[in-house]
Amino acid sequence: MNKNKVKLSLLLFLFITFLFSSTIFASDVEIILNDLKIQQGEIIKVTLKSNTIDLKPENYNAKFSGNNFSFYESNNNSLETIIAASYWVQPGIHNLKIKENNNYIYHKNIKVLKGNFPESWIKVSEDKEKLVRPDEEDKALQKKLKEDREKVAKARRNSSSHKLYENAFIWPLQGTISTDFGATRYVNGSLQSRHSGIDIAAPTGTIVKATNTGIVTLAANLTVTGNTVIIDHGHNIFSAYAHLNKMNVQNGEKVNKGDKIGEIGSTGFSTGPHLHWTIKVSNIFVNPKVFLD
């Protein structure tokens, strides 16, 4: 091969390498994941950093297992997001993609592990069962349940772009875990759903605390969850507290980690005094325990 052909081949190789590199690494962004595997119902933290460009959260988006995740400002010109795996996601390899404006700049395979969730069997009265399996002809109940769903959706629709929470979350109370996260829930012998949070049993009147700092976006009595409080912790993270006997907060109120927000009760669809505690990330229920560390 003569020198001209060698030079041409080298130039072609360098051009293809540059073209490929500019497609994958055009943004000059360092992408950091705290793990490459995730269990059903758990989370992965993703951080973007750059020493050369000004990172703006509206320019970036992550996609994982069919769900989109927004980025938020952190510190020292970095952005963060939390990727969540639903308890319905099939175990196996799923691709994490990060987009800058209209171009994907990052692809990474993440291994989703089986959650090994327990089974939960409860027996309730016929009247209680109708709350989760309403008759089609019961238009009044159907309407009330729809209104409740709309209230809850509205409470979680807009999260603060600022990080309101402070480091690790805390347990909202000390008690006995009666049903753990992700349990396959059977009501009166029939499959109902997966358990979206953790049930903590305690005597009526036991103080319930805010698991972290945030803004109350809902404090209302709902048909199924009874007296319910939802708190926005920023960055699309919401905690909720259900079946309360009493609520001590109202919509729009700021609460600090550890503040009293209510008392244990058995309102709504409940078989005894307990707290149903949930955490949602970008509209996905996750195991609250992952936020305690």
Between [Y] and [X], is there a side-chain donor-acceptor contact under 3.5 Å, judged purely by atom types and distance?
| X | Y | value |
| --- | --- | --- |
| Ser239 | His233 | yes |
| Asp232 | Ser159 | yes |
| His276 | Thr228 | no |

(request) Give the C-alpha distance, both sets of side-chain angles, the deciding distance and a yes or no for side chain to side chain donor-acceptor pair (under 3.5 Å) between Lys280 and Asn283. (result) CA-CA 6 Å; Lys280 246 187 174 184; Asn283 215 33; 3.1 Å; yes
Establish whether [X] and [Y] are linked, either directly or via other cluster members, by ILVMFWY side-chain heavy-atom contacts under 4.5 Å.
| X | Y | result |
| --- | --- | --- |
| Ile170 | Ile264 | no |
| Val216 | Phe169 | yes |
| Leu292 | Ile43 | yes |
| Ile32 | Phe71 | no |
| Leu141 | Leu222 | no |

What closest approach, in Å, do [X] and [Y] show between heavy atoms, and which atom pair accounts for it?
| X | Y | result |
| --- | --- | --- |
| Pro203 | Thr206 | O-OG1, 2.6 Å |
| Ala155 | Ile230 | CB-CD1, 4.0 Å |
| Phe64 | Asn95 | CD1-O, 3.8 Å |
| Glu263 | Val208 | C-CG2, 4.1 Å |
| Val89 | Ser65 | CG2-OG, 3.4 Å |
| Ile200 | Pro172 | CD1-CG, 4.2 Å |

For the side chain of [X] and the backbone of [Y], is there at least one donor-acceptor N/O pair under 3.5 Å apart?
| X | Y | result |
| --- | --- | --- |
| Ser270 | Thr267 | no |
| Thr278 | Gly197 | no |
| His274 | Gly272 | yes |
| Asp28 | Ser50 | no |
| Asn212 | Leu164 | no |

Looking at [atom1] of [X] and [atom2] of [Y], how far apart are the two atoms once the value is rounded to the nearest 0.5 Å?
| X | Y | atom1 | atom2 | value |
| --- | --- | --- | --- | --- |
| Glu30 | Lys49 | CD | NZ | 6.5 Å |
| Thr204 | Leu244 | OG1 | CG | 11.0 Å |
| Ile177 | Leu275 | CD1 | CG | 11.0 Å |
| Asp54 | Asn59 | CG | CG | 9.0 Å |
| Asn116 | Gln40 | CG | CD | 8.0 Å |
| Ile261 | Tyr241 | CD1 | OH | 4.5 Å |

Flag side-chain contact, heavy atom, 4.5 Å: [X] against [Y]:
| X | Y | result |
| --- | --- | --- |
| Ile82 | Val286 | no |
| Tyr60 | Val29 | yes |
| Asn227 | Asn245 | no |
| His94 | Leu96 | no |
| Leu79 | Glu73 | yes |
| Phe291 | Ile237 | yes |
| Ile44 | Leu36 | no |

(message) Angle between ring planes, Tyr72 versus His235, binned at 30° and 60°: parallel, tilted or perpendicular?
(response) parallel
(message) Angle between ring planes, Trp277 versus Trp171, binned at 30° and 60°: parallel, tilted or perpendicular?
(response)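 Ring orientation of Trp277 relative to Trp171: tilted.
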(request) Kindly write out the residues that satisfy side-chain hydrogen bond (donor to acceptor under 3.5 Å, both in side chains) with Lys289, not counting sequence neighbours, or none if the list is empty. (result)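 In terms of side-chain hydrogen bond (donor to acceptor under 3.5 Å, both in side chains), with neighbours along the sequence ignored, Lys289 is linked to Asp180.
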Distance-only criterion, 3.5 Å: show the donor-acceptor pairs between side-chain atoms of residues 246-257 and protein atoms not counting sequence neighbours.
{"from": "Asn251", "atom 1": "OD1", "to": "Ala219", "atom 2": "N", "distance (Å)": "2.8"}
{"from": "Glu253", "atom 1": "OE1", "to": "Gln250", "atom 2": "N", "distance (Å)": "3.1"}
{"from": "Lys257", "atom 1": "NZ", "to": "Glu166", "atom 2": "O", "distance (Å)": "2.9"}
{"from": "Lys257", "atom 1": "NZ", "to": "Ala168", "atom 2": "O", "distance (Å)": "2.9"}

Any chance [atom1] of [X] has more than 12 other-residue heavy atoms, nucleotides or ligands included, within less than 6.0 Å?
| X | atom1 | answer |
| --- | --- | --- |
| Asn34 | CG | yes |
| Asn51 | CG | no |
| Glu58 | CD | yes |
| Lys108 | NZ | no |
| Ile207 | CD1 | no |

(message) Applying side-chain contact (heavy atoms from CB on, under 4.5 Å) to Asn67 and Ile284, what does each step give before you reach the verdict?
(response) CA-CA 9 Å; Asn67 296 294; Ile284 298 170; 3.6 Å; yes
(request) Decide yes or no on side-chain contact (heavy atoms from CB on, under 4.5 Å) for Thr184 and Arg194, but give the supporting numbers first. (result) CA-CA 5 Å; Thr184 306; Arg194 281 203 183 279; 3.2 Å; yes
(request) Please step through ring-ring contact (aromatic ring centres under 6.0 Å, His included) for the pair Phe181 and Phe285, ending with a clear verdict. (result) CA-CA 9 Å; Phe181 172 82; Phe285 285 114; 7.9 Å; no
(request) With side-chain contact (heavy atoms from CB on, under 4.5 Å) as the test, would you mind laying out the steps for Tyr106 and Leu33 before giving the verdict? (result) CA-CA 12 Å; Tyr106 182 83; Leu33 280 65; 3.6 Å; yes
